[in-house]
Amino acid sequence: MIKVFLESHNIKNKAGGLGTFNYELIKAIAKQDLNHLKITLNTPNPSELEQEFYNTFSYKKYTSLQRHKLFRIKTKYDVWHSLNQNTKIEPGFKPKKYILTIHDVNFVEEHSSDMDHPKNKLFIEKLNRADVITYISNFAKEQTHQYFKVPNVEEKIIYNGNPIVSDLDCSGFAPNVPIDKPFFFSLGDFIERKNFHSIVKMMKLLPDFNLIISGNNNKEYGNYIRKVIENENLINVFLTGKISDIAKTYYMKNCEAFLFPSIREGFGLPPIEAMYFGKPVFLSTKTSLPEIGGDVAFYWDNFAPEYMKETLLNKLSIYSKNKQNFDQKIRERAAFFDWNKAAQEYLNLYVI
């Protein structure tokens, strides 16, 4: 029996990308053959996961004290898997195999390229500890090699799956924003790299459409977006805040297109969620997004409002003229990203 520890405490925030990754991967792992493994999850709320997964896993309660060397986890495991590059929980022993999953190293560009910066030093320690490094995209691998000296260990790209695998019944959902016009939809945490202000400014040129953006907007960038809406006198842009899965399904199923102009993404889950419904997605050409959208997505290579508007309308016209063919290809692209496939690839790495 191989004892595996998943450093998964970020599962607490399922509304964010890392929380979604933790939860969806663990949910998929639970469906696989685990007879040769004993897997322990590190989580702030063991009882919540135990109600869902029962005795499929063992559970370790996460506390912030585990971040400190003196209080590191001393129980010995054969495999330790850090599910993202930012985890501050490290083993208080040397496992037979330490696996590190890297989503991105945006912190180098957003905080400091000084390798003595605490964030970079912490990451370098994790890199040097790793026996296997996995990346959620080829871009994440290239970005890591661009900024860091990566040790000569096994490296593997394992794509995320699509969180949406079934069509929820949203017939009883009542939007709290106007849907009196055709609308575009976007979704994500309100941080500057999501670049929502570019599509907000574009909407001044599209009075016949609405734009709905969902996600946690109680942040500095959310305040900035609200100021843009006010300063531009926009009456066709609406912020919903966080939404339920049923609300997300409703907006994705009924939007004219899904817009995601992010300038830094290690992967980008929302576009493939929208593609599940056959929706045209408009992405930036930055970082990993062309790798995720492939040849079924449409792209902006700059963020001038007039250019963005023209690209959007022109590509939507192309889409509408051959909607059936586009719909099939878009759905096939979404189906390529599968959590069960990802889970099996990770489980293969737990063999020692």
Between [X] and [Y], does any side-chain N to carboxylate O distance fall below 4.0 Å?
X: Asp131; Y: Lys97; result: no
X: Glu90; Y: Arg72; result: no
X: Arg264; Y: Glu110; result: yes
X: Glu52; Y: Lys27; result: no
X: Lys219; Y: Asp189; result: yes
X: Glu332; Y: Lys329; result: no

Is the [atom1] atom of [X] crowded by more than 12 outside heavy atoms at less than 6.0 Å?
X: Ile124; atom1: CD1; result: yes
X: Lys3; atom1: NZ; result: yes
X: Glu306; atom1: CD; result: yes
X: Lys76; atom1: NZ; result: no
X: Asp295; atom1: CG; result: no
X: Lys321; atom1: NZ; result: no
X: Lys323; atom1: NZ; result: no

*In this structure, which one of Tyr299, Phe260, Phe184, Trp300 forms a ring-ring contact (aromatic ring centres under 6.0 Å, His included) with Phe282?*
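Per the ring-ring contact (aromatic ring centres under 6.0 Å, His included) rule, the option paired with Phe282 is Trp300, out of Tyr299, Phe260, Phe184, Trp300.
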
Closest non-hydrogen atom pair between [X] and [Y], with its separation:
X: Leu283; Y: Ala297; answer: CD1-CB, 3.9 Å
X: Leu349; Y: Thr134; answer: CD1-CG2, 3.5 Å
X: Gly268; Y: Ile292; answer: O-CG2, 4.1 Å
X: Ser166; Y: Tyr276; answer: CA-OH, 3.2 Å
X: Met308; Y: Asn302; answer: CG-O, 3.8 Å
X: Pro305; Y: Met202; answer: O-CG, 3.9 Å

*In a check of side-chain contact (heavy atoms from CB on, under 4.5 Å) between Ile212 and each of Ile243, Thr240, Leu259, which one passes?*
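Output: one option passes, namely Thr240.
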
*Audit row: Phe183, Phe209, ring-ring contact (aromatic ring centres under 6.0 Å, His included) steps and yes/no*: CA-CA 5 Å; Phe183 66 89; Phe209 295 87; over 10 Å; no

*Please lay out, stage by stage, how Asp301 and Lys286 fare under the test salt bridge (charged side-chain N to carboxylate O under 4.0 Å, His left out).*
CA-CA 8 Å; Asp301 58 23; Lys286 309 297 183 184; over 6 Å; no

If you measure only the distance, is there a donor-acceptor pair under 3.5 Å linking the side chains of [X] and [Y]?
X: Gln344; Y: Asn340; value: no
X: Glu50; Y: Ser47; value: no
X: Asn106; Y: Glu265; value: no

*Counting distance only, does the side-chain N/O of Glu291 pair as donor-acceptor with the main-chain N or O of Ser137 below 3.5 Å?*
no

Answer yes or no: is there a side-chain heavy-atom contact under 4.5 Å between [X] and [Y]?
X: Ile89; Y: Arg67; value: yes
X: Asn254; Y: Phe185; value: no
X: Glu155; Y: Val132; value: no
X: Phe5; Y: Lys60; value: yes

*asked:* According to a hydrophobic-cluster definition based on side-chain heavy atoms being under 4.5 Å apart (Ile, Leu, Val, Met, Phe, Trp, Tyr only), do Phe298 and Leu205 belong together?
replied: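 Different hydrophobic clusters.
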
Can you label the angle between the [X] ring and the [Y] ring as parallel, tilted or perpendicular, going by 30° and 60°?
X: His197; Y: Tyr224; answer: perpendicular
X: Phe107; Y: Phe148; answer: tilted
X: Phe21; Y: His103; answer: perpendicular
X: Tyr159; Y: Phe267; answer: tilted

*Looking at OG of Ser8 and CG of Leu41, how far apart are the two atoms once the value is rounded to the nearest 0.5 Å?*
5.0 Å

_ring-ring contact (aromatic ring centres under 6.0 Å, His included) for Tyr350 and His81? Distances and angles first, verdict last._
CA-CA 9 Å; Tyr350 298 164; His81 184 182; 5.7 Å; yes

Side chains of residues 226-235: which donor-acceptor partners sit under 3.5 Å, not counting sequence neighbours?
residue: Arg226; atom: NH1; partner: Asn217; partner atom: OD1; Å: 3.0
residue: Arg226; atom: NH2; partner: Asn217; partner atom: O; Å: 2.9
residue: Arg226; atom: NH2; partner: Asn223; partner atom: OD1; Å: 2.9
residue: Asn231; atom: ND2; partner: Lys227; partner atom: O; Å: 3.2
residue: Glu232; atom: OE1; partner: Lys204; partner atom: NZ; Å: 3.1

